[in-house]
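First comes the structure, then the notes that go with it.
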Amino acid sequence: LYFFPEARATLLRSQFMDKIASGKKDGLIAELSFVFHRIDSIARHALVFPSSGAQLKAKLGAWSPSNFVSCLGTMAEAEQLQILDDSPAAVESPRRPEAFYRFLQYQIDKELGKGANAKMMDKISGVDFISVNEFISQSTAPTTSSTRAMTVDLYYENFVDKGDAPKKPPSFGEVLYRTLSRETRLRAFNKSSGSYETIVQRKIATSLPSVLSLSCACAGRKEEDGLFVWRGNSMGQDHWLPEKVEIAISDTGNILVSEYVQELDSGTERWVTHGKDDAISNVVAEILAKRKGHSAQRMRYELSSVLSLVRDDLDRNIPDELVSAKGDDKGFFGHHVLHTKIPDSYRKRTVDSQVDEANKFIGTPQNPDTVVSTDDKDAIEQRAADASVRQDEPGGWVLFNGFKVSNTSVEDARAFHVEFKEPCIIVYRSTASEDDGHEVETQADLPVDVMCTRSLTNNSKSEFQAMQKPNTIPGHGDLVAFDAEFVSLQEEVSAHTEAGSRITIQETRHALARISAVACKTKDVVFDDFVTPGEEVADYLTRFSGIIERDLNPKESSRHLIPTRAAYLKLRCLVERGCIFVGHGLDRDFWTANLMVPANQIIDTVMIYHKPAQRYVSLRFLSNFVLKKDMQQEVHDSLEDATAAFELYETAVELKRTGEFSKLLDELYEYGQKVDWKLGIE
């Protein structure tokens, strides 16, 4: 969906709607718009990151949209549509993305409601169908009905071997033709004649969308249930799935489907058409002639995205223990990958914004202690120069395979001759649909009133509201000491192989439980909020966080309690205002907050007090050794930890000024190794 220009633009604009920006709007599109904003932010700042080793390449990490996942997990609609992993009636995992895609299309249009963006997904993806049921005896008038679908299921019934002589494998164009112009025959009771007769059921497409989404309806099933056609190569072409198709609907309702093929032997490229000019029945033609608005249509499409299932259970390198742990009762398991074509305008916009951010960094004085600082200017300048050369290159194809993202080709996207790859969703986009006019300014700031929240417990304002006004909130270049505490929503599940190695089957998933920020200039608390997760908590991690169940219960808490979305908006507001965050181990905090913070807005004491190729030192140990503060208690307090991190930073700045910091660092590591990094031991 991110690569649908219309969807991306609409959802990015929606995050500035009053109810969403204020945190008062529940629903999925708010979280989805924040995911899109995060993708844009990471892309825009991709050049302004520390270097990876001796390479000039920026060091970027993976991320997870956990807030979106949490929101999805609490939606009744998602449970009813059987797309959640823990649902007892969940759709089988191979085909679950198809159900999820349908759900997203429906839910986006539902939440967008009325107005200029009403039925946005339906407008770009909706296909009208007319269904006509007619007894071949024609003893009764045919019955008709109309439906509209945003995703079309491919139909294989005409090509399934029913025990007769083996059929020639169909081409993709034939399958698509039979999908859009379907005809089946069965026996049904005719009230007019009082007997069972043969009835012809026809379902015919009567409109064409700008984005054609096809549900392949065969992943995880037997070869004879539809997969076998994807393995074929009926016309001697390079791949069964064509890169281009064309669909024509005549004014009488007749459908023709053409596919663009390249023959392997001769290299000849040609269009092959399926269907006949007079294939439509007179009954259907007469019905369509009476309908208003029906007219001839023709649309040419190019392949845009391919979502596939990769069968991990067929990989001989996968340990049997993992197959047993993750597989179903048949030993089946796999993961999904996405091949997608990046629109040319997306690439240009992204590269332009990257070069712009890099040049701003190079031309603006930077705090020397941020994660990426003046020491990285040469590398960033070289990255910007390299990117500038590639600004006019086309978008090309990209493969998303878990956390691995790599360039690929349309040929790889189209290849289904290998047994480990099975199709799920195919998206074609009209060559006539331009993405111009769908650009949106994504750097607009959130309103500062997102900082002013009322407690879920008693609707009271924060005791720190004086620091949450436009004229008191920290701004560009201001240092803000920050720390967060977490709770666990999902425990890790692991297994061991016969060789003794450990395999993670289900990863731990955390959520924010408390966020604390202090304005370093004035030492005033900006906020100290407890955060209630939208999901059930598996472990409050009290032994580390100090959080207990009552703290996050709106009916019992004595804390200033806010929802996860309000916490996200507060932090993002400070990011967009240009604040520089000071903390210890901030990567994890921002990961869990689902927030992208530019590297030149982070000062991390875990990096400052670190020697190359040595272990990282905990905040507790640093505070005891450097600040001589007794932080020997196991329980963390985010307000205390934020303040301690800033004091450590101030100490480092002063020691660097006097030339004594290196000595302190040597003494720190010498002492730590002596006591095995344990406190209270001499």
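Counting from 1, the numbers follow the sequence of the chain as shown.
Considering only residues two or more places apart in sequence or on other chains, Lys123 meets the side-chain contact (heavy atoms from CB on, under 4.5 Å) condition with none of them. Take Lys377 and apply the salt bridge (charged side-chain N to carboxylate O under 4.0 Å, His left out) test, not counting sequence neighbours, and it matches no residue. Listed by chain and residue number, Glu393 satisfy the salt bridge (charged side-chain N to carboxylate O under 4.0 Å, His left out) test with Arg347 (two or more places apart in sequence, or in another chain). Residues forming a salt bridge (charged side-chain N to carboxylate O under 4.0 Å, His left out) with Arg390 (at least two apart in sequence, or on another chain): none. Asp352 pairs by the salt bridge (charged side-chain N to carboxylate O under 4.0 Å, His left out) definition with Lys348, not counting sequence neighbours. In this structure, the side-chain contact (heavy atoms from CB on, under 4.5 Å) partners of Glu549, at least two apart in sequence or on a different chain, are Tyr540. For the side-chain hydrogen bond (donor to acceptor under 3.5 Å, both in side chains) test, residues two or more places apart in sequence or in another chain that qualify with Arg148 are Asp122, Asp128. Applying the side-chain contact (heavy atoms from CB on, under 4.5 Å) test to Asn594 and every residue at least two apart in sequence or in another chain returns Arg38, Ser66, Asn67. The side-chain hydrogen bond (donor to acceptor under 3.5 Å, both in side chains) check on Thr472 picks up nothing, with sequence neighbours excluded. The side-chain hydrogen bond (donor to acceptor under 3.5 Å, both in side chains) test applied to Thr340 returns Ser305, not counting sequence neighbours.
Judged as a salt bridge (Lys or Arg N to Asp or Glu O under 4.0 Å), the pairs with a partner in residues 552-561 (not counting sequence neighbours) are, in order, Asp551-Arg559. For residues 595-609, no pair satisfies salt bridge (Lys or Arg N to Asp or Glu O under 4.0 Å), with sequence neighbours left out.
In this structure a side-chain-to-backbone donor-acceptor pair under 3.5 Å is missing from His336 to Arg96. Checked by atom type and distance alone, the side chain of Lys656 never pairs as donor or acceptor with a backbone atom of Val653 at under 3.5 Å.
In this structure, the side chains of Ile547 and Leu541 stay at 4.5 Å or more apart for every pair of heavy atoms.
In this structure, Arg8 is positioned above the aromatic face of Tyr346, its NZ or CZ under 6.0 Å from the six-membered ring centre and within 45° of the axis.
With 3.5 Å as the limit, one finds no donor-acceptor pair spanning the side chains of Thr151 and Arg102. For the residue pair Arg577 / Gln601, no side-chain donor-acceptor distance below 3.5 Å is found, with atom types taken as modelled.
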